[in-house]
Amino acid sequence: MLHLLIWLLADLAGVNLVHEPHQQIVEAASEYEWPVVESLGVAWCESYHNVAAWNSKTNDFGAWQINKYYWRDSGVFTRTQWDQKFTARGSAEMAYHVWKAGGWQLWSCNPKYHY
């Protein structure tokens, strides 16, 4: 019972807390003409909106987990764009272009199957 009380107090204390990276992801995603809520859902599923996320097994980077092999190494994104992969704006920009190229099915966190 004590653990539950501590958890509830910690949860209540964080109600008005703004998590800065989360806010940056929301703002960056909102700059593009795409389903923003679905986009944010994909970024949450892929990385919990963590702009510094990196999956070393699959070489996926940033909040939307953009794959290096398919998108950087294939020449779709310039080195300058790729260098922004760990920023909210850079990750959102690349995710938008990936989404335009093939929709949500290009992500393992496809909204069709997860929401």
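This structure is a prediction, so every number in the text was calculated from the model and none was measured.
Rounded to the nearest 0.5 angstrom, Y69 OH and T58 OG1 are separated by 14.0 Å. Taken from NE2 in H22 to OH in Y48, the straight-line distance is 14.5 Å, to the nearest 0.5 Å. For the atom pair CH2 (W104) and OG (S39), the distance works out to 4.5 Å, reported to the nearest 0.5 Å.
Taking each heavy atom of A53 and S47 in turn, the nearest pair found is CB-CB, 3.6 Å.
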Output a table of donor-acceptor pairs, distance under 3.5 Å, between side-chain atoms of residues 91-102 and any protein atom two or more places apart or on a different chain; print 'none' if there are none.
residue, atom, partner, partner atom, Å
S91, OG, A63, N, 3.1
S91, OG, W64, N, 3.3
E93, OE2, Q81, NE2, 3.2

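In this view, N67 and D60 satisfy the side-chain hydrogen bond (donor to acceptor under 3.5 Å, both in side chains) rule, not counting sequence neighbours. Looking at residues two or more places apart in sequence or on another chain, you find no ring-ring contact (aromatic ring centres under 6.0 Å, His included) involving Y70. Among residues two or more places apart in sequence or in another chain, the side-chain hydrogen bond (donor to acceptor under 3.5 Å, both in side chains) test is passed with N59 by none. In this structure, the ring-ring contact (aromatic ring centres under 6.0 Å, His included) partners of W82, at least two apart in sequence or on a different chain, are F61. V36 meets the side-chain contact (heavy atoms from CB on, under 4.5 Å) test with A29, S30, W34, L40; sequence neighbours excluded.
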(request) Any chance you could lay out the side chain to side chain contact (heavy atoms under 4.5 Å, CB included) test for Q65 and C109, step after step, and finish with the verdict? (result) CA-CA 10 Å; Q65 291 292 277; C109 287; over 6 Å; no

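Among residue pairs with one or both ends in residues 74-88, none qualify as salt bridge (charged side-chain N to carboxylate O under 4.0 Å, His left out); sequence neighbours excluded. Screening residues 22-33 for salt bridge (charged side-chain N to carboxylate O under 4.0 Å, His left out) gives E31-R89 as the qualifying pairs, with residues at least two apart or on separate chains.
Contact annotation: the side chain of W107 approaches that of V42 to within less than 4.5 Å [non-hydrogen atoms, C-beta and beyond]. The side-chain heavy atoms of T87 and V51, taken from C-beta on, include no pair separated by under 4.5 Å. Inter-residue side-chain proximity for W71 and L106 is flagged as met; some heavy-atom pair is nearer than 4.5 Å.
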